[in-house]
Amino acid sequence: MNKPSHDERAKEADKPSEGVRAPEGPANLIDTDYVIGQDNMATDRFGFSIDLHGKVFIISALVIVFFVVLTLSLQDEVEPLFNALRDWLTGNLAWFFLLSGNIFVLLCLGLIVSPLGKVRIGGMHAKPDFSYMGWFSMLFAAGMGIGLMFYGVSEPMSHFSAAMDGTATENGVRTDWAPLGGALNDPAAATSLGMAATIYHWGLHPWAIYAVVALALAIFSFNKGLPLTMRSIFYPILGERIWGWPGHVIDILAVFATLFGLATSLGLGASQASAGLSHLFGIPETDTTMVLLILGITAIATLSIIAGVDKGVRRLSEINMVLAILLLLFVILVGPTVMILTGFFQNLGAYVVNLPALSNPFGREDANFTQGWTAFYWAWWISWSPFVGMFIARISRGRSVREFLTAVLLLPSLVSVLWMTAFGGTAVDQLVSADFEGVRDAALELQLFVMLGELPLAAITSFIGIVLVVVFFITSSDSGSLVIDTITAGGKVDAPKPQRVFWAIIEGVIAIALLLGGGLVALQAMAVSTGLPFTLVLLAGCYTIIKALMSEPRA
């Protein structure tokens, strides 16, 4: 099969049926007769266009609908099942998640400094589709916006309190939740350890997970000419078999992982927005309130989908980034400014010092911390990785691998350190310096608003906090629908919009069903369970990334 010239590729890229633009300039295309979308069911009836990969879409949709119906009809039976599932996975496989996370970080850091970092996504002559501001805003909003809002205050406070209480044993087994060995009655050491543990969960490791998936998808799609689906990264291992059932299973798993990982974050966002509305306006914090929030935000996300990536997701992400920066600057300026600015560097140093011990997967005594916090987080990030990774891949064409990994791995990690230092550090300072126990005693979803309540303009900043949660919610739903639609459309990035609307509605329905069927425990259990098989997918992706990059021309 002769490889087309650059001009021919450019003409092919203009054809909407291809769905993925051809490389610009030299690139080592994979020689395959498969045409993107060739196995799709395409029709245009009653004003609605449909372009779907039949097997992937039908199986995914039927199993998901069955799961939602089962969850709603058997609520009492489902909750203990979810509890047991999460406890077993995090209790028995924590070491596996921790070890895998370390592998992803080492791969990304190695690629940044290696000659392979010179490879350009989309071909040697490819130009970026978005400005740095738009690009960074979208990847950060999609990556962990809701999580930073939910855990920005609560996690540093939780680790600080657990470290201050020290260790406790029962029958020779530790029962406390302190990271590592704790810091009994030592506020300075407890603050340092608590922030190091928090940054560990929001720094290099989660962003490395996203980066591995995003880079693999980007290279195999934009440089190798394969569909923008998870099956494509297995081509060096499975060859042409990825177009058959092995590939179908991989893509179906990607749909499940994306939906349940996204539903977990939507559940967190709904519970926090509901808590904020109750705190500010006295609106009852009930399941009904959260369901109404999910329905309303899903409707707004649907409108954003219709507007498209550039007008919808990008603009919302940039608005949210501006609001987040303003809120962050406000906390820095009116909070304990000197403590935050000096604490940024101190916490970064504490993270570096404690990282080897925190990331050690074997022989740990702090089982509650590694299983209840780290293992859950890694599974959650991994379950989100098809969604975030594919979205980041779509918006990163034209970047070099080194530029891509630096932006996706290092910069968001530094922003996370500053965010946790400002919000979590302010809450800890309120407890230690002002003896204010309100944040520590408040529910997790309420702690952000209680902390802001001790600062000036509390009503305004708390309202901005609610808006941030809601818009992060919208951009996540919008981006997730885009990604799932791409997977179920056989890798086409220009599939009809009604399909994306369908998945946006399904995401909202799943979040509602899991909230009613067992609360956040149910959501977390499903994130962990879908994260497990995808850890194996990511580990395979580490090998295929290196193999693919080695065959690419470098500037």
Side-chain angles (χ1 to χ4, degrees), residues 94 98 101-102 148 151-170 172-206 331-332 335-377 413-414 416-442 444 447-448 450-451 454:
L98 266 68
N102 295 341
L148 285 178
Y151 288 107
V153 171
S154 63
E155 185 170 350
M157 179 62 73
S158 297
H159 295 326
F160 168 81
S161 299
M164 279 286 288
D165 292 338
T167 60
T169 58
E170 185 175 326
V173 178
R174 276 182 58 175
T175 57
D176 61 273
W177 285 78
L180 302 179
L184 181 63
N185 296 327
D186 186 342
T191 300
S192 179
L193 180 59
M195 291 304 302
T198 302
I199 295 167
Y200 170 54
H201 291 151
W202 296 87
L204 293 177
H205 283 73
V331 173
I332 292 174
T337 306
V338 175
M339 185 279 295
I340 293 173
L341 296 179
T342 58
F344 172 80
F345 297 101
Q346 293 170 355
N347 295 335
L348 197 58
Y351 167 60
V352 173
V353 169
N354 288 284
L355 183 58
L358 288 169
S359 59
N360 174 29
F362 305 112
R364 297 286 290 269
E365 296 181 356
D366 51 348
N368 283 338
F369 174 78
T370 56
Q371 297 172 14
W373 281 101
T374 307
F376 160 65
Y377 267 141
S413 296
L414 291 175
S416 297
V417 174
L418 181 58
W419 185 279
M420 293 298 184
T421 299
F423 286 80
T426 298
V428 172
D429 182 72
Q430 289 173 352
L431 175 64
V432 175
S433 301
D435 200 26
F436 175 66
E437 299 180 353
V439 178
R440 185 185 63 186
D441 298 337
L444 288 182
Q447 289 182 343
L448 169 66
V450 175
M451 183 275 288
E454 292 300 296

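- Scanning both residues, T421 and V417, for their nearest heavy atoms gives OG1-O, 2.7 Å.
- By the side-chain hydrogen bond (donor to acceptor under 3.5 Å, both in side chains) test, T370 pairs with no residue at all, sequence neighbours left out.
- Using a 4.5 Å heavy-atom threshold, the side chains of D165 and W177 count as separate.
- Looking only at side-chain heavy atoms (C-beta outward), S158 and L444 come within less than 4.5 Å of each other.
- Checked by atom type and distance alone, the side chain of N102 pairs as donor or acceptor with a backbone atom of S359 at under 3.5 Å.
- Using a distance-only test at 3.5 Å, with no hydrogens or angles considered, no donor-acceptor pair links the side chain of S192 to the main chain of A188.
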| said: I'd like to know whether V331 forms a side chain to side chain contact (heavy atoms under 4.5 Å, CB included) with F423, so could you lay out the CA-CA distance, the side-chain angles of the two residues, the decisive distance to 0.1 Å, and finally the verdict. | reply: CA-CA 7 Å; V331 173; F423 286 80; 3.9 Å; yes
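- In this structure, CG in D366 is found 8.0 Å from OG1 in T374, a value given to the nearest 0.5 Å.
- In terms of the salt bridge (charged side-chain N to carboxylate O under 4.0 Å, His left out) criterion, residue partners of E437 (sequence neighbours excluded) are, by chain and number, R440.
- Atom CE in M339 sits 4.5 Å away from atom CG in D429 (nearest 0.5 Å).
- Between the side chain of S416 and the main chain of W202, a donor-acceptor pair closer than 3.5 Å is present.
- Contact record, L193 with P179: CD2-O, 3.4 Å, taken as the closest heavy-atom pair.
- Across every non-hydrogen atom of M164 and A190, the tightest pair is CG-CB, 3.5 Å.
- Closest heavy-atom contact between G438 and V450: C-CG1, 3.7 Å.
- Taking the six-membered ring for Trp and the full ring otherwise, the centers of Y377 and Y151 sit less than 6.0 Å from each other.
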Evaluate the criterion side chain to side chain contact (heavy atoms under 4.5 Å, CB included) for residue pair M157 and L431; output intermediate values, then yes/no. CA-CA 9 Å; M157 179 62 73; L431 175 64; 3.9 Å; yes
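- Proximity of L355 to H205: side-chain heavy atoms (C-beta onward) are separated by under 4.5 Å at one or more points.
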Apply side chain to side chain contact (heavy atoms under 4.5 Å, CB included) to the pair H201 and H159, showing each step before the final yes or no.
CA-CA 12 Å; H201 291 151; H159 295 326; 4.0 Å; yes
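- A distance of 6.5 Å separates CG in L341 from CD1 in I332, rounded to the nearest 0.5 Å.
- Remark: the backbone N or O of L358 is paired with a side-chain donor or acceptor of R364 at under 3.5 angstrom.
- How far CZ of F362 is from CG of L98: 9.0 Å, rounded to the nearest 0.5 Å.
- Within the 4.5 Å cutoff, the side chain of L414 has heavy atoms near those of the L348 side chain.
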Problem set entry | Verdict with reasoning, T198 to N347, per side chain to side chain contact (heavy atoms under 4.5 Å, CB included) | CA-CA 10 Å; T198 302; N347 295 335; over 6 Å; no
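- Contact check for Q430 versus V439: side-chain heavy atoms found under the 4.5 Å cut-off.
- Rounding to the nearest 0.5 angstrom, the gap separating the OG1 atom in T426 from the CE atom in M451 is 5.5 Å.
- With sequence neighbours left out, the salt bridge (charged side-chain N to carboxylate O under 4.0 Å, His left out) criterion links D176 to R174.
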